[in-house]
Asks: 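Starting off with a structure, shown below.
We count ligands from 1, going down the list as the structure has it; atoms in each ligand are counted the same way. This is a predicted model, so every value here is computed, not measured.
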Amino acid sequence: MIKVITYGTYDVLHYGHIRLLERAKALGDYLIVGITSDDYDKTRGKINNQQSLIERIAAVKATGLADEIIVEEYEGQKIDDIRRLSVDIFTVGSDWVGYFDYLNEYCKVVYLPRTEGISSSEIRAEKRKLVIGTLGDGMLCQKFIREMQYVNGVEYKEIINSLDDVDAVYIATHPSQHYNDVKSALKAGKHVICESPIALRIADYQELKELAQRNRLVLADGIKTAYSTAYSRLLVVAKSGRIGNIVSVDSVCTSLSNGAGEAGADLSKKQNSICAWGPTAMLPIFQLLGTDYQSKNIVSKIIDEKIQFDGFTKIDFVYDRSVASVKVGKAAKAEGELIITGSKGYIYVPAPWWKTDYFEVRYENPANNKRYFYQLDGEGIRYEIVAFAKAIESGKESYYINNDVSENIIKIVEEFYNHNYTGI
Ligand code: CTP
């Protein structure tokens, strides 16, 4: 029996795929189809498949051409599969000519002519594009615009006078303007993704949320860390009991702002520590321990009273069975690490943890330590855009940052602006 294997993503299955599978099957007696997992695709730069792995598997199965379907999850798996399954022929379309010649050592390699004029990318792009404009800080907007080009189905359009030409807006203005900017965009019928905190007062946030819901618009919290693969895995590992019960979550985020801390510096256009870093630093705490803390204590070093600019802030949370701490600074520097202390071990994310692509689970006996690495492209921004576009398309809230977390971040920011902190 001649065994043939072929691999692909098979997103929105089209006749190019079917013709490939038919010819692959004709090369032998038994056809194995390897379908790429979403995570593996991400590492290959394919970040916005329209269909989930399960849907893609179902579509290939429905062709009746595959005798066996497997999932391709990691680089180098092809060799393992070919050996394990005693494959005689490896085949893919001619867009890969030469690329898999190294497999000749293990089996015969055949490149089949690709069907002209059709591809999953084109089918995805045919759908109407989501046009996104940006408002605010030059650098953040530039990053966002640059990342948009990696997401198919979205297109950037500069906002000149009005929001008429866009479907959605990314807002990165000064936090004190967020409420007004988000409100105007929602009133104009536009979906919004706004840098966190979306507002400085709970009541304002709730009003914006209601406005979005009433008009069936998405209002997304723009904390990019939440969308990184390593960060998502870290949450799962921490919650799975691998480090026992979580005893403490401690996160530090600092970045020195030009002039902050120096006499006479104009900080009015800059973000203070609690706004610039508070949301990111609080994210793992609320996502791991919840928002039902018993008490909290905020300590701030204010460097400009008039605009309430904190050069450094420390927040301590006390929960029923655990504690947490946040240290954020624009005029103070520290190691930007995240440590999750557990009863059996701890998770360590090295600085800058908010651009997580790597973390370690460490134990008393270092021989048991485990390292995890996940590719992070574009600081998580492109995944954030994919999630935003998906939320708009499906009409469902993205599950990356839930409402309760956004609201509790704003609650702390509001307490700060209400002078509910100890000054140092
Ligand atoms: N294929 C083909 N003819 C096409 C499209 C794909 O023969 N018009 C083949 C590919 O060469 C590959 C398999 O089908 O062997 C699965 O390809 P996949 O990458 O999933 O499909 P594409 O349509 O090329 O996807 P994308 O546009 O996302 O790259």
Asks: Between the side chains of Asp11 and Arg124, is the shortest nitrogen-to-carboxylate-oxygen separation below 4.0 Å, so that they form an ion pair?
Replies: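 Looking at Arg124 and Asp11, the cut-off is met.
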Asks: Can you pull out the closest protein heavy atom to atom 27 (O) of ligand 1? Residue, atom name and distance to 0.1 Å, please.
Replies: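 The closest heavy atom on the protein side is Ser121 OG, 2.5 Å.
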Asks: With a heavy-atom distance limit of 4.0 Å, tell me whether Glu122 approaches ligand 1 through its side chain, its backbone, both, or neither.
Replies: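 Neither part.
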Asks: So, Glu379 and Lys143, do they make that salt bridge, N to O below 4.0 Å?
Replies: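 Salt bridge present between Glu379 and Lys143.
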Asks: Could you identify the single nearest non-hydrogen protein atom to atom 14 (O) of ligand 1 and state the distance to 0.1 Å?
Replies: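 Closest protein heavy atom to atom 14 (O) of ligand 1: His17 CD2, 3.6 Å.
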Asks: Any N/O of Thr6 closer than 3.5 Å to an N/O of ligand 1?
Replies: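 No; the residue has no nitrogen or oxygen that sits under 3.5 Å from a nitrogen or oxygen of the ligand.
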Asks: How far is atom 6 (C) of ligand 1 from its nearest protein heavy atom, and which residue and atom is that?
Replies: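 The closest heavy atom on the protein side is Arg114 NH1, 3.3 Å.
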Asks: Side-chain contact, heavy-atom cut-off 4.5 Å: Thr91 with Tyr7?
Replies: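 Thr91 does not reach Tyr7 side chain to side chain.
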Asks: Among protein heavy atoms, which sits nearest to atom 23 (O) of ligand 1, and what does the distance come to when rounded to 0.1 Å?
Replies: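 That would be Ser120 N, 2.7 Å.
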Asks: Quick one: do Asp38 and Arg56 make a salt bridge, cutoff under 4.0 Å?
Replies: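 Between Arg56 and Asp38 there is a salt bridge, with a charged N closer than 4.0 Å to a carboxylate O.
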Asks: Does ligand 1 have a heavy atom under 4.0 Å from the side chain of Glu116, from its backbone, from both, or from neither?
Replies: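 Within the 4.0 Å criterion, Glu116 makes no contact with ligand 1.
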Asks: Rounded to the nearest 0.5 Å, what separates atom CG in Asn408 from atom CD in Glu414?
Replies: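 CD of Glu414 is found 11.5 Å from CG of Asn408.
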Asks: What protein heavy atom sits nearest atom 9 (C) of ligand 1, and how far off is it?
Replies: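 Going by distance alone, atom 9 (C) of ligand 1 is nearest to Leu20 CG, 3.7 Å.
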Asks: Please list the nearest protein heavy atom to atom 11 (O) of ligand 1 with its residue and the distance rounded to 0.1 Å.
Replies: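 That would be Asp95 OD1, 2.6 Å.
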Asks: What is the nearest protein non-hydrogen atom to atom 8 (N) of ligand 1, stated with its residue, atom name and distance?
Replies: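 Result: Ile118 O, 2.6 Å.
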Asks: Given the side-chain rings of Phe317 and Phe286, with only the six-membered ring counted for Trp, is the space between their centroids under 6.0 Å?
Replies: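 Close enough - the centres of the two rings lie under 6.0 Å apart.
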Asks: Judged on heavy-atom distance to atom 12 (C) of ligand 1, which of Gly93, Pro113, Gly34 sits nearest?
Replies: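 It is Gly93 that holds the nearest heavy atom.
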Asks: Examine the proximity of ligand 1 to Thr9 and report which part, side chain or backbone, both or neither, has a heavy atom under 4.0 Å away.
Replies: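 Contact part for Thr9 vs ligand 1: both backbone and side chain.
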Asks: Less than 4.0 angstrom from a charged side-chain N to a carboxylate O is my criterion; do Lys355 and Asp357 meet it?
Replies: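 Salt bridge flag = no for Asp357 with Lys355.
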Asks: State whether Lys3 and Asp88 are salt-bridged, where the test is any N-O pair (Lys NZ or Arg NE/NH1/NH2 against Asp/Glu carboxylate O) under 4.0 Å.
Replies: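 Asp88 and Lys3: not salt-bridged.
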Asks: Mark the output for Lys46 as yes if a heavy-atom distance to ligand 1 is under 4.0 Å, and as no if none is.
Replies: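 Per 4.0 Å heavy-atom rule, Lys46 contacts ligand 1.
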Asks: For the residue pair Asp221 / Tyr205, report whether a side-chain donor-acceptor contact shorter than 3.5 Å exists.
Replies: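 No, no side-chain donor-acceptor contact under 3.5 Å.
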Asks: Please report which non-hydrogen protein atom sits nearest to atom 13 (C) of ligand 1, along with the residue it belongs to and the distance in Å to one decimal place.
Replies: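 Residue, atom and distance for the closest contact: Tyr10 OH, 4.0 Å.
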